[in-house]
Every structure is written in structure tokens, then in C-alpha cells.
Amino acid sequence: MAVRLRMAVHGLRNNRIFHLVAVNQRQRRNAKPIELLGVYNPRLKPGEKTKTIEWSVQRIQYWLRVGATPSKSVTKLLQMGGVLGPERALASDASAREQSSPPDTAPSTESPAPP
């Protein structure tokens with residue numbers, strides 16, 4: 001089973017809360033997760049200057065060790081929080097580019113026919 005670390009959306013339309021979850025990658029966005037790893041609230045309360053993320057670093061590292069793939073948004077959050085190093089992020093970006101890019105075609109070596 002391929003596990004992915006991604007965000008699940010909860011809350012009202014203008015008051016979203018995102019749960020960082022480990023979930024089977026073939027399931028829909030808000031499907032029942034294998035494990036809840038953290039909560040990200042992007043809204044600032046009056047008087048606050050920073051957004052807050054509550055997460056379990058040990059459980060996130062466990063899922064990364066057993067082969068879970070973080071989504072792009074989760075990768076950015078983990079880098080900002082210092083959980084994920086830049087070398088891991090570069091590897092996941094490179095593999096994503098390889099999957100999305102079409103195969104290169106070799107240029108033709110034939111010369112055009114003379115007039």
C-alpha cells in the first residue's frame with residue numbers, strides 16, 4: 001500500500017483548518033486517514049504574528065523512514081519546520097519532474113537533401 005503524507009481540509013469555507021495525515025494515496029482528499037500527524041491553522045488570531053502548526057515530529061519521521069511520500073505542500077511545511085532537510089526535498093522534486101516530463105527524442109542526424 002502506497003502511503004502519502006498530505007493535507008486534509010476541514011472547517012467552514014472561510015475558516016479552514018488543515019490536518020496533516022498519512023493516507024493511502026489512492027483515496028480521496030478527506031478520506032479516513034491511517035494516522036493524524038498534525039494540525040495546521042493558517043488563520044491568525046488577533047494579536048498573533050505567526051501561524052501555528054501542531055505536529056508529531058517522531059511520527060512524521062517514522063512515516064518518511066518507511067517510505068511515505070509527502071505532497072508538495074507538506075514538503076514545504078516540513079522544510080519550514082526543519083523536519084525535512086533540503087536533500088530530501090530535492091530528491092522528491094526530481095522524481096516528480098521525471099514522472100511528469102515526456103521522454104526526450106533524439107535529434108535527427110540526417111542532413112537535408114540538396115536542391
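Numbering of residues begins at 1 and proceeds along the displayed sequence.
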Taking [Y] as the starting point, is it possible to reach [X] by hopping between hydrophobic residues whose side chains are less than 4.5 Å apart?
| X | Y | value |
| --- | --- | --- |
| Tyr40 | Trp55 | yes |
| Val23 | Val9 | no |
| Val21 | Leu5 | no |
| Leu20 | Ile17 | no |
| Leu36 | Val57 | no |

Non-neighbouring partners of Val66 that pass side chain to side chain contact (heavy atoms under 4.5 Å, CB included), sequence neighbours left out: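 Scan of Val66 (side chain to side chain contact (heavy atoms under 4.5 Å, CB included), adjacent residues dropped) gives Tyr62, Trp63.
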Ser71 and Arg4: which non-hydrogen atoms are nearest, and at how many Å?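 That closest heavy-atom pairing would be CA-NH2, 3.5 Å.
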For residues Val74 and Arg6, report the shortest heavy-atom separation together with the two atoms involved. CG2-CA, 3.5 Å
Pairwise ring-ring contact (aromatic ring centres under 6.0 Å, His included) hits with a residue in residues 3-38, at least two apart: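 Found His10-His19.
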Measure the shortest side-chain to side-chain distance between Ile60 and Leu84 over non-hydrogen atoms and say whether it is less than 4.5 angstrom. no
Mind checking whether Leu77 and Ile53 have side chains closer than 4.5 Å, heavy atoms only? yes
Here the side-chain hydrogen bond (donor to acceptor under 3.5 Å, both in side chains) pairs for residues 41-54, sequence neighbours left out, are none
